[in-house]
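Have a look at the structure below before the remarks.
Protein chains get the first letters and strands the later ones, always in sequence-line order, with residue 1 at the start of each.
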There are 2 protein chains.
Amino acid sequence: MKRRNTPSKQAVLDVLIQSGQAMSHDAIEGQLEMDINRATIYRILNQFCEDGMVHTIVANDGKHYFALCNNSEIAPSGFHFHFSCTKCKTISCLDQEVQLNLPPGFVMEKANCVVTGTCQNCV
Amino acid sequence: MKRRNTPSKQAVLDVLIQSGQAMSHDAIEGQLEMDINRATIYRILNQFCEDGMVHTIVANDGKHYFALCNNSEIAPSGFHFHFSCTKCKTISCLDQEVQLNLPPGFVMEKANCVVTGTCQNCV
DNA sequence: TATATTATTGCAACAATGTCGCATTAATAT
DNA sequence: ATATTAATGCGACATTGTTGCAATAATATA
Ligand SMILES: [Mn+2]
Ligand SMILES: [Mn+2]
Ligand SMILES: [Zn+2]
Ligand SMILES: [Zn+2]
């Protein structure tokens, strides 16, 4: 399927760029000026993920958070940790690669690593 | 609240012991011979977590998985990786501690780290 | 053993998240 | 200007997890 540019996609992208954080569907919808249907927002986000512009984090609340990929993340298997601050509620990408010694026979395809605590802005 | 021993608690515990894997509410209910209400199962599992017998993993499907703590996990801040096999659908505890260098000012309270891929039983 | 206390349970209801089918709309190419 | 089909809105749905409340049952006490 060839992608088409639409105001909705642009609006969702703008919200993600402007925030600089990983955002849930909920938070994205809250920041949108335009009204966009929930299903549509999810479809847009999933499309961004397919296209490698965005990656998802599954946080401790079980919700999916969506964050822009920066260029260094384009590298294959560049899985990194995420930090979830319980005070300011932000979820951000850490500059820490996930690396571990798997037992023989195990093959890692992806990783979802979320560290929870308090961030540097919250004392 | 003082805990009471009940057939329901024992049954849930038996299922967890017998499986040796992290299990979702769903899977636990499926393995129970007794019929136990969904809310009750969740309450039992959450109680086990409070009491430090069980820990939870949030997997990529956004669901909570519950796994028995082995004795070495009683140690405070002993966060470890988990492995989720896409073929046999098992989620198991890895003997790999989560350790990372957080930027100054960050404080880690807990970690939810799930590596997805294929396990040693699935070639 | 009989009774009182209250933890536990079942039930119903609920909120939230995420997906899907289908008809309509609109972006793109010709 | 028109045809193609990707994108959208709407409604419906499945699933997960929690909560209030009344009924039940585990435990302690007399
Ligand atoms: Mn990230
Ligand atoms: Mn574990
Ligand atoms: Zn913070
Ligand atoms: Zn496997």
Side-chain angles (χ1 to χ4, degrees), chain A residues 1-16 21-67 84 89 91 110 112 114 116, chain B residues 1-16 21-67 84 89 91 110 112 114 116:
Chain A
M1 293 200 208
K2 205 177 295 180
R3 303 302 190 207
R4 294 181 182 177
N5 294 323
T6 67
S8 295
K9 289 187 190 177
Q10 191 58 54
V12 170
L13 184 57
D14 287 345
V15 167
L16 284 176
Q21 304 280 344
M23 298 180 79
S24 66
H25 156 272
D26 205 37
I28 292 170
E29 191 176 51
Q31 288 300 312
L32 283 169
E33 301 184 353
M34 198 178 323
D35 259 5
I36 309 181
N37 183 268
R38 183 168 74 250
T40 302
I41 297 178
Y42 276 115
R43 282 188 277 234
I44 289 172
L45 290 168
N46 290 339
Q47 207 175 72
F48 285 170
C49 289
E50 279 179 39
D51 297 345
M53 298 169 52
V54 164
H55 62 289
T56 67
I57 303 112
V58 179
N60 274 84
D61 56 11
K63 289 163 49 175
H64 287 82
Y65 287 72
F66 301 87
S84 170
K89 310 296 181 194
I91 298 181
K110 54 182 177 172
N112 183 70
V114 180
T116 306
Chain B
M1 294 200 209
K2 205 177 298 180
R3 304 302 190 207
R4 293 181 183 176
N5 293 323
T6 68
S8 295
K9 290 187 189 176
Q10 191 58 54
V12 170
L13 184 58
D14 287 344
V15 167
L16 285 176
Q21 304 281 343
M23 299 180 78
S24 65
H25 155 272
D26 205 36
I28 292 171
E29 192 177 50
Q31 288 300 311
L32 282 169
E33 301 184 354
M34 200 177 319
D35 258 6
I36 308 180
N37 183 267
R38 183 168 74 249
T40 302
I41 297 179
Y42 276 115
R43 282 188 278 232
I44 289 173
L45 291 168
N46 290 338
Q47 207 175 71
F48 285 170
C49 289
E50 280 179 38
D51 297 345
M53 297 169 52
V54 163
H55 62 289
T56 67
I57 304 113
V58 179
N60 274 86
D61 56 10
K63 291 163 49 175
H64 287 81
Y65 288 73
F66 302 86
S84 169
K89 311 295 181 194
I91 298 181
K110 54 181 178 174
N112 182 70
V114 180
T116 305

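- Within 4.0 Å of B:Ser24, counting heavy atoms only, lies no atom of the nucleic acid at all.
- Between A:His64 and C:dT17 there is no side-chain N or O to OP1 or OP2 distance below 4.0 Å.
- Side-chain proximity of B:Tyr42 to the nucleotides C:dG18, D:dT16, C:dT9 is greatest for D:dT16.
- Nucleic acid contact class of B:Arg3 (heavy atoms, under 4.0 Å, all strands): sugar-phosphate only.
- When each of B:Asp26 and B:Lys2 is assigned the nucleotide of DNA chain D bearing its nearest heavy atom, the one mapping closer to the 5' terminus is B:Asp26.
- Distance, B:Lys9 NZ to C:dG10 P: 13 Å, rounded to whole Å.
- The base of D:dG9 lies close enough to the side chain of A:Arg43 for a donor and an acceptor atom to sit less than 3.5 Å apart.
- Positionally, the nearest nucleotide of DNA chain C for B:Pro7 lies more toward the 5' end than for the other of B:Arg38 and B:Pro7.
- Comparing D:dT16, C:dT28, D:dT8 by their closest approach to the side chain of A:Thr6 singles out D:dT8.
- Of the side-chain N and O atoms in A:Lys63, one or more sit less than 4.0 angstrom from OP1 or OP2 of C:dT17.
- Closest to the B:Arg4 side chain, of the nucleotides C:dT9, C:dA7, D:dA7, is C:dA7.
- Residue contacts for B:Asp61: at a heavy-atom cut-off of 4.0 Å it reaches no nucleic acid atom on any strand shown.
- A:Gln47 comes within 4.0 angstrom of the backbone, heavy atoms only, and of no base.
- Listed candidates were C:dG18, D:dT8, D:dG9. Nearest to the side chain of A:Ile44 is D:dT8.
- Taking both residues in full, the closest heavy atoms of B:Ile36 and B:Ala11 are given as CD1-CB, 4.4 Å, listed atom of the first, atom of the second, then distance.
- Regarding contacts with the backbone of C:dT19, a side-chain N or O of A:Asn46 is found under 4.0 angstrom from either OP1 or OP2.
- A:Val12 pairs with exactly one of A:Thr40, A:Thr6, A:Ile44 by the side-chain contact (heavy atoms from CB on, under 4.5 Å) rule, that one being A:Ile44.
- The side chain of A:Asn5 places no N or O atom within less than 4.0 Å of a non-bridging phosphate oxygen (OP1 or OP2) of D:dA6.
- Candidate nucleotides C:dT9, D:dT8, D:dA7 were compared by shortest atom distance to the side chain of B:Thr40, and C:dT9 ranks first.
- For B:Ser8 and C:dT8, the shortest distance from a side-chain N or O to OP1 or OP2 is not below 4.0 Å.
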